Amino acid sequence: MKKIVLFLAIIISFSATKLHAQQNMMKMQEAFKTYLKDTVKLADPMVDTVMAIHADYRPQMRDVYMDQSVSQADKMAKMKTMRDEMDVRYKAAGITDDQIKQIHEYEERQRAAMMNRMNNGGGQ
């Protein structure tokens with residue numbers, strides 16, 4: 001009986017952690033959408049395009065980031081290649097170079113904030 005209760009507690013804990021991560025991802029996406037609308041001055045269809053491009057590359061970027069068999073320099077090179085591919089798609093969608101620059105600035109601030117959280121033990 002104790003094993004069952006422990007197992008259920010572990011399952012509930014994992015579920016809560018996953019839910020929390022999903023909620024954080026949704027908040028981050030909403031903040032990015034707001035930034036695209038208010039700061040980059042993109043119309044809703046363009047915001048949706050940028051979000052779709054990000055969604056296409058997010059799993060690949062996560063895989064590169066999580067790959068422990070690759071050096072940091074190789075990870076950065078792979079990430080740059082993906083960002084360059086994203087830029088080509090942005091330009092094809094009609095996003096200007098200045099708007100792309102603003103998107104990159106936002107992404108860099110987000111990366112810096114993530115690294116800061118990681119270096120401080122993950123606290124928010």
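These numbers come from a predicted model, not from an experiment.
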Crowding at NZ, Lys75 (>12 non-hydrogen neighbours, <6.0 Å): yes
Within 6.0 angstrom of Met76 CE, more than 12 heavy atoms from elsewhere: no
Tyr65-Met82 co-clustered via ILVMFWY side chain contacts under 4.5 Å: yes
Residue pair Phe32, Val47: steps toward the side-chain contact (heavy atoms from CB on, under 4.5 Å) verdict: CA-CA 9 Å; Phe32 187 46; Val47 169; over 6 Å; no
Reported NE2-to-CD1 distance for the pair His54 and Ile103, which is rounded to 0.5 angstrom: 6.0 Å
Residue pair Ser69 / Asp67, side-chain donor-acceptor N/O under 3.5 Å: yes
Validation row: Lys91, Thr96 side chains within 4.5 angstrom (heavy atoms): no
Reported CE-to-CD1 distance for the pair Met86 and Ile95, which is rounded to 0.5 angstrom: 10.0 Å
Lys/Arg N to Asp/Glu carboxylate O, Lys80 vs Asp84, below 4.0 Å: yes
Single-linkage hydrophobic cluster, 4.5 Å side-chain cutoff, Met61 and Met28 together: no
Working for side-chain contact (heavy atoms from CB on, under 4.5 Å), residues Leu36 and Met51: CA-CA 9 Å; Leu36 292 172; Met51 296 303 289; 4.1 Å; yes
Under-4.0 Å salt bridge between Glu30 and Lys27: no
Backbone N/O of Gln102 and side chain of Tyr35: donor-acceptor pair under 3.5 Å: yes
Side-chain touch Gln60/Val64, heavy atoms, less than 4.5 angstrom: no
Passing option when Val40 is tested against Met46, Gln99, Glu105 for side-chain contact (heavy atoms from CB on, under 4.5 Å): Gln99
Spacing of Arg62 atom CZ and Arg58 atom CZ [to the nearest 0.5 Å]: 8.0 Å
NZ on Lys78 to CG on Asp63, rounded to 0.5 Å: 10.0 Å
side-chain contact (heavy atoms from CB on, under 4.5 Å) between Glu85 and Arg89, worked out: CA-CA 7 Å; Glu85 291 171 8; Arg89 290 182 62 186; 5.9 Å; no
